[in-house]
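The first residue in the sequence is number 1, and the count goes up from there.
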Amino acid sequence: VMANQKTREKRATDALTELGAMVASGEESGNLDHALDQAHQALLWQSDISSRLKKAVFYPLFSGVLLLTVSVFLLIYLVSQLTQFIQSTGEELPWYTKWLIGLSEHVSEWGLYYVIAFTALSLALYTMARLVPQVRLICSHVLLKLVWIGPVVLHVQTARLSLRET
């Protein structure tokens with residue numbers, strides 16, 4: 001918590017320092033209104049890009065979670081109901097049907113443990129990434145390597161950097 005607060009304070013201090021430098025530069029050149037307008041436009045642009053990026057990431061994430069939830073429900077409930085009917089016919093089942101029934105039984109028995117383990121690992125990684133700079137660097141590297149989100153994050157960060165330099 002303390003490291004998180006220090007990071008926020010450092011970001012706020014850096015932003016105020018940048019704003020102060022822009023105001024000083026604008027006063028010195030006699031173009032304070034232009035400097036403040038540029039700062040305003042930059043902040044609006046960053047807010048807009050951040051909002052768009054969150055929307056672009058949220059939809060596929062929501063769809064994926066919904067798809068996974070429906071699939072698990074079908075595996076646990078529907079397959080177990082059909083298993084009783086299929087086995088009552090007394091015929092030899094194909095390998096893929098046996099595999100599906102086995103998967104359904106496995107998910108029914110161990111699914112909750114998988115959810116708990118995934119949640120615990122995700123929270124631990126998130127906490128470590130916020131507290132340990134080396135872990136944050138590794139997480140950023142992995143994020144940039146993801147095919148569906150990496151290029152977007154790279155372009156947004158590059159645009160932010162170029163906006164700061166102008």
Side-chain angles (χ1 to χ4, degrees), residues 1-77 103-104 106-166:
V1 175
M2 291 297 284
N4 189 16
Q5 184 177 359
K6 287 181 183 180
T7 303
R8 286 186 195 160
E9 288 174 2
K10 184 176 179 342
R11 286 183 185 166
T13 303
D14 290 347
L16 287 174
T17 303
E18 275 187 41
L19 184 61
M22 289 181 80
V23 168
S25 173
E27 286 178 341
E28 218 173 271
S29 67
N31 291 326
L32 179 60
D33 58 337
H34 181 67
L36 290 176
D37 187 49
Q38 277 188 319
H40 178 254
Q41 293 301 324
L43 289 173
L44 286 177
W45 179 83
Q46 284 183 356
S47 175
D48 182 49
I49 290 295
S50 177
S51 173
R52 287 183 186 189
L53 186 61
K54 285 177 186 174
K55 287 177 185 176
V57 169
F58 178 75
Y59 178 72
L61 185 66
F62 176 75
S63 299
V65 168
L66 185 65
L67 179 66
L68 184 66
T69 304
V70 169
S71 299
V72 168
F73 170 76
L74 290 174
L75 267 176
I76 291 173
Y77 181 73
L103 180 64
S104 173
H106 180 79
V107 170
S108 295
E109 188 175 335
W110 293 94
L112 183 61
Y113 297 113
Y114 288 139
V115 169
I116 291 169
F118 177 76
T119 303
L121 288 173
S122 297
L123 288 173
L125 183 63
Y126 176 76
T127 302
M128 285 189 62
R130 294 189 62 93
L131 298 177
V132 181
Q134 292 87 0
V135 175
R136 187 178 317 124
L137 181 65
I138 292 169
C139 289
S140 295
H141 182 73
V142 169
L143 180 69
L144 289 175
K145 292 293 180 183
L146 293 175
V147 174
W148 55 276
I149 191 75
V152 175
V153 172
L154 182 63
H155 291 327
V156 168
Q157 294 302 328
T158 303
R160 283 183 177 168
L161 182 64
S162 71
L163 187 62
R164 282 187 180 175
E165 296 301 319
T166 59

Checklist entry - Pairs in or reaching into residues 54-77: which pass side-chain hydrogen bond (donor to acceptor under 3.5 Å, both in side chains), with residues at least two apart or in two chains? => result none
Checklist outcome for this item: Contacts satisfying salt bridge (Lys or Arg N to Asp or Glu O under 4.0 Å) that involve residues 41-52 (not counting sequence neighbours) are Asp48-Arg52
Item to check | Set of side chain to side chain contact (heavy atoms under 4.5 Å, CB included) partners for Ala129, sequence neighbours left out | outcome: Val135, Cys139
Checklist outcome for this item: With sequence neighbours left out, the residues meeting side chain to side chain contact (heavy atoms under 4.5 Å, CB included) with Leu103 are Leu75, Trp99, Val107
Checklist outcome for this item: Sequence neighbours excluded, the answer for side chain to side chain contact (heavy atoms under 4.5 Å, CB included) partners of Asp37 is Gln41
Checklist entry - Any side-chain hydrogen bond (donor to acceptor under 3.5 Å, both in side chains) pairs touching residues 108-124, not counting sequence neighbours? => result His106-Tyr114
Next on the checklist: Test of understanding: with ring-ring contact (aromatic ring centres under 6.0 Å, His included), list the residues that count as partners of Phe58, not counting sequence neighbours.
Outcome noted: Phe62
Item to check | Heavy-atom pair of closest approach, residues Arg136 and Arg130 | outcome: NH2-O, 3.1 Å
Next on the checklist: So, using side chain to side chain contact (heavy atoms under 4.5 Å, CB included) as the criterion, who are the partners of Leu36 when residues are at least two apart?
Outcome noted: Val23, Leu32
